[in-house]
Amino acid sequence: MNKSIEVEPMTRLEGHGKIAIFLDDKGNVADAFYQIVEFRGYETFVRGMPIEEVPRTVSTICGVCRAVHHTASTKASDGVYGVEPTETAKKIRELFLCAHQVEDHAAILYALGLPDFVVGPEADPAERNIVGVVKKVGAEVVKTILKKRFAAVKVLEMLGGKPIHPVAGLPGGWSKRITEEERKDIEELGKEMVELGKITLQVFEDVVLKNEKYLEMITSDQYRVVVNYMGTVKDGCINYYDGIQTVINTKGEVIDQFTADKYLDHVSERVVPWSYVKMTYLKKLGWKGFVEGEETSLYSVGPLARCNIAPPSTPLAKEAYDVMYDTLKEKPTHFILAYHWARAIELLNAAERIVELAQDKEITSPDVRAELGEVKGEGVGIIEAPRGTLIHHYKTDDKGIVTEANMIVATTHNHAPINLAIKKAAQHFIKNGVVDDKLLNYVEIAYRPYDICQACASHVLPGRDSLEVIIYDSDGEVVRVLRNF
Amino acid sequence: MKFAYLLAGGCGGCDMAIVDLSEKLVDALEHLEIVFWAPTVADVKYKDLEAMPDKSIDLGFVSGMVRNKENEHLVKVMREKCKILVAYGICAALGGIPGMANLHSKEELFENAYIKCPSADNPDKVLPSPESEVNGYKLTLPELLDFAKPVSAIVEVDYFVGGCPPHHDHVAKIVEAIVSGNLPPKGSWITDGKSVCDYCPRNPALKGKTRDFIKEVKRMHEGKVDEEECLLQQGYLCLGPVTQGDCGALCTKVGIRCAGCGGPIPPTTDFGLRAISAITSLFENEKVAKQALEKYPVFAKLIYRYCLPGSKLGEKADVLKKRAVVKEVL
């Protein structure tokens with residue numbers, strides 16, 4: 001066993017993902033822990049603020065997930081003022097959130113997810129990035145993709161005020177109406193986004209699906225994590241803005257359904273001393289620890305979870321959806337690398353939905369704000385962020401000043417399943433004390449499908465997360481330290 | 001031109017503003033050679049940055065505030081290696097929204113997150129801790145520093161950029177100014193020096209009208225916002241008059257008051273103090289001032305939303321803390 005320890009100039013690095021792997025006497029993996037190592041405290045410092053100021057404050061939890069915290073907390077503020085937004089306002093909010101799904105799914109796929117496949121999972125990390133993708137698929141294709149992704153950014157700015165950290169959400173509605181001229185622009189931009197969705201699925205098919213080795217990797221056991229799934233369903237289809245929270249078990253049977261205001265009866269968060277982020281589980285099944293399979297009370301959220309629960313509502317996305325399940329021959333599918341595939345399908349779905357909404361006559365109505373009711377003093381807003389279910393919950397005094405706040409973000413729901421995924425990959429790639437040099441690559445591949453947003457979960461580095469893997473032997477001594485930064 | 005970018009304790013929004021340059025980014029890259037961009041460019045590691053000769057990088061951007069020892073260390077390394085260091089975005093420049101945590105103790109932040117949290121399952125009142133043991137395995141976590149700080153509290157900063165985040169058009173202008181060498185004296189903000197009002201179509205002065213006193217304070221959800229009239233005039237506490245307007249008045253254009261993310265207009269340094277003097281001078285009488293405090297009971301979170309760690313108040317909190325520590329030691 002290699003006992004040498006890599007010594008870095010800095011002994012105590014912070015602000016990155018950390019994985020601790022413990023080996024047994026024989027040098028095989030006994031346990032693994034994925035730790036999130038930073039903390040900000042939004043649930044405390046929004047106290048004392050008027051609830052309607054909160055959406056413009058909590059947005060800064062993450063600048064990558066630029067529309068999600070704003071929208072979820074705006075929904076919560078509806079509850080605080082006991083108001084149902086106007087139909088037009090709901091449509092504007094949904095359109096806004098769909099634009100973010102397109103923009104974010106595109107960024108994540110091209111910068112983070114696809115490079116593993118386009119450039120190859122064992123390629124040098126220096127090449128396994130967007131630059132490597134440019135080299136493989138050509139600068140012209142990438143420029144087209146960038147331009148079409150920017151169509152979504154334009155819609156975000158048009159509707160949200162600021163393109164990042166939007167401001168337009170208000171209790172009961174939206175501060176801005178859509179003019180006919182803007183509607184036409186959005187419709188055209190939406191059509192460009194539909195093109196982006198088609199191109200993306202084509203790239204996925206050409207690069208991943210036509211390569212037998214990759215298809216084998218996607219359906220291999222070390223990248224299969226069997227848990228329950230949670231997502232938002234409306235009229236039998238995936239919906240990002242509104243609907244019923246629906247949970248299916250490992251076999252695909254619906255085992256729980258709830259509305260936002262009842263989330264505390266259904267979801268609980270286990271506090272552990274070794275991570276700043278809590279671990280969620282299904283309350284009715286109780287905390288059973290880090291177990292997978294039929295017995296587990298853990299669940300995942302995000303693109304694949306949503307697809308496992310319900311189909312997309314739009315025609316082209318539905319076609320692509322059927323192809324995915326026909327190919328994987330498993331529904332719900334527990335192959336985590338299929339998260340990337342589901343992401344591409346959702347990109348197309350959100351784009352098609354934008355066009356639908358832009359063609360809706362009601363979207364240009366000036367009726368964007370409902371009359372506010374009495375202050376009820378409590379509100380919960382749930383939406384589907386690109387990475388999964390996002391919950392914002394606030395209590396206020398009788399003037400709407402925040403007294404309590406709670407947020408459960410996608411990466412928190414996925415924290416425990418990610419832990420399982422990493423342990424599985426580690427068990428596969430560490431045998432009898434031999435640590436494969438490619439381990440870091442494969443561990444990265446195991447957690448990247450979830451598109452971990454440490455910024456949301458704990459407000460640290462987003463994008464390509466820096467990651468440290470520390471391997472300990474059975475005496476608790478450090479054997480190896482691997483870093484990608 | 002060699003370029004390095006460090007995301008310290010930030011949300012990534014400032015990075016995304018650069019990504020949003022989109023095709024303009026491709027042009028900018030003709031002039032900029034990226035030698036370090038943590039953590040996005042994977043082949044350049046922290047130790048590689050540390051190994052670069054001092055002042056070998058022409059331009060360095062830091063986004064995000066300083067929240068932990070790693071941030072602090074890397075900000076110092078950036079200063080050593082870069083000829084020009086820019087505190088890019090309001091968090092780096094003055095502390096940003098997460099800087100409001102400085103108004104609360106670490107104990108309070110933890111208690112609310114892990115014990116009082118309504119969805120927490122925590123009968124034994126467990127808190128994340130620097131060292132813990134699970135099934136015999138010892139695990140460690142980095143400790144949170146007591147205060148969030150702006151970059152300039154750690155090292156000398158050559159230029160400041162406001163915005164949460166800076167709008168991509170502003171970013172394009174900054175890149176252009178740097179590439180062409182058309183920069184103000186060191187220590188300056190890179191801004192055109194105008195206020196949000198100067199860009200705001202609601203500004204009464206631009207319509208040849210004078211501004212009236214505020215007769216009634218309204219919170220943002222109250223009443224119906226007139227689409228053309230000045231927000232302050234309507235009673236919404238818009239901070240446009242004292243905020244850098246490089247954004248182009250994006251918020252007020254969609255009917256939302258400016259919250260001050262652009263930072264103070266030079267030569268003002270303490271944003272909150274300037275805001276309070278400007279806004280209160282518009283109140284018609286004492287009754288209106290009283291109403292403002294009733295409507296915004298924690299006024300500091302209104303006027304210092306983006307700027308607390310970089311303010312006199314933020315500094316004072318830090319000093320008081322140090323004194324308390326000294327007392328404890330004695």
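Residue numbers start from 1 in every chain, and the chains themselves are labelled A, B, ... in the order their sequence lines are given, proteins ahead of strands. Everything numeric in this text was worked out from a predicted model, so none of it was measured.
- Residues B:Asn135 and A:Phe22 form no side-chain contact, since every pair of their non-hydrogen atoms from C-beta on lies 4.5 Å or further apart.
- Ring geometry, A:Tyr276 versus B:Phe110: the interplanar angle exceeds 60°, so the pair is classed perpendicular (tilted spans 30 to 60°).
- With a 4.5 angstrom heavy-atom cutoff, A:Arg270 touches chain B via backbone and side-chain atoms both.
- The CE atom of B:Met220 sits 7.5 Å away from the OG atom of A:Ser175 when rounded to the nearest 0.5 Å.
- Looking only at side-chain heavy atoms (C-beta outward), B:Val298 and A:Met49 stay at 4.5 Å or farther from each other.
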- Task: Kindly indicate, with the supporting measurements, whether the criterion side-chain contact (heavy atoms from CB on, under 4.5 Å) is fulfilled by A:Ser77 and B:His221.
- Result: CA-CA 10 Å; A:Ser77 77; B:His221 69 290; over 6 Å; no

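- Considering only heavy atoms from C-beta on, B:Ser119 stays 4.5 Å or farther from A:His393 through its side chain.
- A salt bridge (charged side-chain N to carboxylate O under 4.0 Å, His left out) check over residues 51-65 of chain A, counting only residues at least two apart or in different chains, returns the pairs A:Glu52-B:Arg219, A:Glu53-B:Arg257, A:Glu53-B:Arg305.
- Within the 4.5 angstrom heavy-atom criterion, atoms from both the backbone and the side chain of A:Leu146 approach chain B.
- In this structure, chain B has a heavy atom under 4.5 Å from the side chain of A:Leu264, while its backbone stays farther away.
- Residue contact with chain A, scored on non-hydrogen atoms closer than 4.5 Å, is absent for B:Ala259.
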* To do: Would you check, one step at a time, whether the test salt bridge (charged side-chain N to carboxylate O under 4.0 Å, His left out) holds for B:Asp20 with A:Arg149?
  => CA-CA 9 Å; B:Asp20 285 353; A:Arg149 174 192 166 272; 3.5 Å; yes

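- The shortest non-hydrogen separation linking A:Pro163 to B:Leu250 is CD-CD1, 4.2 Å.
- Within the 4.5 Å cutoff, side-chain heavy atoms of B:Cys117 are placed close to those of A:Glu269.
- The part of B:Lys295 that comes within reach of chain A is its backbone (N, CA, C, O), which places non-hydrogen atoms under 4.5 angstrom from that chain.
- Neither the backbone nor the side chain of B:Lys253 comes within contact range of chain A; no heavy atoms are under 4.5 Å apart.
- The two atoms that bring A:Ala168 and B:Ile256 nearest to each other are CA-CG1, 4.3 Å, heavy atoms only.
- Contacts of A:Lys147 with chain B are made by both backbone and side-chain atoms, with heavy-atom separations under 4.5 Å.
- No part of B:Asp124 comes within reach of chain A, as not one of its non-hydrogen atoms sits under 4.5 angstrom from that chain.
- Evaluation of the side chain to side chain contact (heavy atoms under 4.5 Å, CB included) rule for A:Val368 yields A:Thr88, A:Ile92, A:Arg177 as partners, not counting sequence neighbours.
- In this structure, no portion of A:Ile391 lies under 4.5 Å from any heavy atom of chain B.
- You'll find the side chain of A:Arg47 stays beyond 4.5 Å of the side chain of B:Met100, heavy atoms only.
- Using a 4.5 Å cut-off between heavy atoms, B:Ile97 touches chain A through backbone and side chain atoms alike.
- Neither the backbone nor the side chain of B:Val225 has a heavy atom closer than 4.5 Å to any heavy atom of chain A.
- Heavy-atom distances place no part of B:Cys91 under 4.5 Å from chain A, backbone and side chain included.
- For the residue pair B:Ala113 and A:Lys278, the shortest heavy atom distance occurs at O-NZ, 2.5 Å.
- The contact between A:Pro50 and chain B is made by backbone and side chain atoms together, counting heavy-atom distances below 4.5 Å.
- Judged by distance alone, the side chain of A:Lys162 and the main-chain N or O of B:Cys164 form a donor-acceptor pair under 3.5 Å.
- Of the atoms belonging to A:Val167, heavy atoms from both backbone and side chain fall under 4.5 Å from chain B.
- Once rounded to the nearest 0.5 Å, the distance linking CG of B:Leu139 with OG of A:Ser275 reads 10.0 Å.
- Under a 3.5 Å cut-off, the side chain of B:Lys116 and the backbone N or O of A:Glu404 do not form any donor-acceptor pair.
- Taking CD from B:Glu294 and CD1 from A:Ile401, the interatomic distance works out to 11.0 Å, rounded to the nearest 0.5 Å.
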